[in-house]
Amino acid sequence: MIINTVSTLALYCPRCGKLHMHDISRFDLKNTTGRKLLCSCGQLQASITSVGERQCLLDIPCVLCQTNHVVCLDSNRFWRASMDKIYCVQENFELGFMGSRQFIAETINKNKIEFEKMSLGMDIDEYDDYIENPQVMFETLNKIHDIAEKGKVYCRCGSSAIGAEVLPEGIELECAQCGGHLLIPAQSEKDLACVEALDSIEIISPRRSRRKH
C-alpha cells in the first residue's frame with residue numbers, strides 16, 4: 001500500500017481572490033507547532049496544526065460569513081484522498097481543495113477549459129477587462145455546470161436544451177425551444193453564495209424567469 005507523505009491545500013485568498021497551492025509534509029507538520037499558509041500577496045490564508053497521529057486542524061477564514069472555520073482533517077481525508085473540496089458549512093461556499101496536487105491541477109485546468117468554451121471564443125487575456133470578478137464568474141460557471149450534469153437545468157416549456165452566454169454581469173441561460181432566458185448574476189461573493197445554494201435552475205418564460213431552489 002502506498003502512503004502519501006505530502007498533501008496539497010489549494011485555497012482561495014480572501015484578499016486577492018487567487019487560488020494558491022501549499023504542499024504539506026506529514027513529517028514536517030509533526031515536528032512543528034503548526035504552519036501558517038500565506039498567499040503570494042502576503043495574506044494569511046489559513047493555519048494547519050497536527051493533533052495526534054491521525055488528525056490535523058485547519059483554521060481558515062471565510063470572507064462570506066466573516067468567521068474562522070476550524071476543519072478537522074483525519075488521515076483518510078487529508079493524506080489519502082485524490083481530491084476533496086473544503087466548504088464554508090454555513091453558506092455552502094467553496095473555500096478550496098485538498099489532496100493530490102496533480103488531481104487538483106487537473107480539476108482546475110478542466111474548469112478553466114469549460115470557462116474558455118463558455119466565453120464564446122473570447123481571448124483569455126480579455127477576461128479581466130470584460131468581467132468584474134473572474135474568479136466568481138469561474139466558480140458560478142462550475143456550479144451551473146454541476147447542476148446541468150444532474151439534468152436539473154431546464155425550461156418550464158419542457159425543453160432541456162439550454163444555451164449559455166457569459167456576460168459582464170453574469171451568465172445568461174436561454175431555452176433553445178421557446179427563447180426563455182434567465183440571468184445568473186456573477187459579480188460578487190454574495191452572487192456566488194446564492195448560486196451555490198441552488199439545487200436546480202428553472203427557466204419559466206421569455207419575459208418572467210426565476211431560479212428555483
Side-chain angles (χ1 to χ4, degrees), residues 10-20 39 41 43 45-46 60-69 85-97 104 107-156 160 162-175 179-213:
L11 306 174
Y12 293 108
C13 177
R15 177 192 290 174
C16 69
K18 294 180 179 177
L19 193 69
H20 193 79
C39 178
C41 74
Q43 174 69 28
Q45 291 189 280
I60 180 169
C62 177
V63 294
L64 201 59
C65 64
Q66 298 295 313
T67 61
N68 276 42
H69 298 295
K85 294 182 178 179
I86 303 169
Y87 286 98
C88 161
V89 294
Q90 294 184 27
E91 303 290 346
N92 195 33
F93 178 68
E94 190 175 288
L95 300 174
F97 306 87
I104 292 172
T107 298
I108 294 171
N109 187 54
K110 178 182 176 182
N111 293 340
K112 185 181 292 185
I113 291 171
E114 292 292 333
F115 184 64
E116 292 176 12
K117 287 179 179 178
M118 293 294 291
S119 58
L120 302 177
M122 183 185 301
D123 191 278
I124 188 72
D125 293 333
E126 296 175 334
Y127 289 167
D128 289 344
D129 294 333
Y130 185 70
I131 297 169
E132 181 175 326
N133 192 330
Q135 189 60 48
V136 168
M137 183 69 75
F138 177 63
E139 292 298 322
T140 300
L141 188 60
N142 285 343
K143 178 61 180 181
I144 294 173
H145 183 262
D146 289 344
I147 297 173
E149 280 191 330
K150 298 174 183 175
K152 294 188 176 182
V153 178
Y154 54 88
C155 182
R156 181 165 287 186
S160 58
I162 309 297
E165 182 177 5
V166 176
L167 302 176
E169 62 272 26
I171 297 169
E172 186 175 65
L173 304 178
E174 182 173 3
C175 174
H181 57 87
L182 173 67
L183 177 67
I184 306 293
Q187 292 181 298
S188 68
E189 300 294 347
K190 287 187 177 180
D191 291 339
L192 182 56
C194 288
V195 76
E196 288 280 1
L198 296 177
D199 294 322
S200 62
I201 300 174
E202 181 186 54
I203 300 171
I204 59 175
S205 77
R207 292 185 178 180
R208 297 183 60 186
S209 301
R210 64 183 176 86
R211 285 171 285 177
K212 180 180 179 182
H213 294 261

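Computed from a predicted structure; not experimentally measured.
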- Who pairs with S188 by side chain to side chain donor-acceptor pair (under 3.5 Å), at least two apart in sequence or on another chain? D191

- Query: Are any non-hydrogen side-chain atoms of V136 and Q187 less than 4.5 angstrom apart?
  - Reply: no

- Which pair of heavy atoms, one from E172 and one from L183, lies closest together, and at what distance? N-CD1, 4.0 Å

- Rounded to the nearest 0.5 Å, how far apart are CD1 of I171 and CG of L182? 11.0 Å

- Query: Hey, are Y12 and E139 close enough side-chain-wise for a donor-acceptor pair under 3.5 Å?
  - Reply: yes

- In this structure, CZ of R156 is separated from CD1 of I203 (nearest 0.5 Å) by 11.5 Å

- Query: How far does SG of C88 sit from CD of E196, to the nearest 0.5 angstrom?
  - Reply: 10.0 Å

- Any idea which heavy atoms bring I86 and F97 closest together, and the distance? CD1-O, 4.0 Å

- With rounding to the nearest 0.5 Å, note down the distance linking SG in C175 to CD in E202. 11.5 Å

- How long is the span from the CD1 atom in I201 to the NZ atom in K143, to the nearest 0.5 Å? 8.5 Å

- What residues form a side chain to side chain contact (heavy atoms under 4.5 Å, CB included) with A46, not counting sequence neighbours? L11, L37, L58, I60

- Message: Among residues at least two apart in sequence or on other chains, which ones pass side chain to side chain donor-acceptor pair (under 3.5 Å) with Q45?
- Response: H22

- Tightest non-hydrogen contact, residues V153 and I162, listed as O-CG1, 4.0 Å

- Which heavy atom in H69 sits nearest to a heavy atom in L95, and how many Å separate them? CD2-CD1, 4.0 Å

- Query: T140 and A186: which non-hydrogen atoms are nearest, and at how many Å?
  - Reply: OG1-CB, 3.6 Å

- What are the two closest non-hydrogen atoms of A164 and L173, and how far apart are they? CB-CD2, 3.8 Å

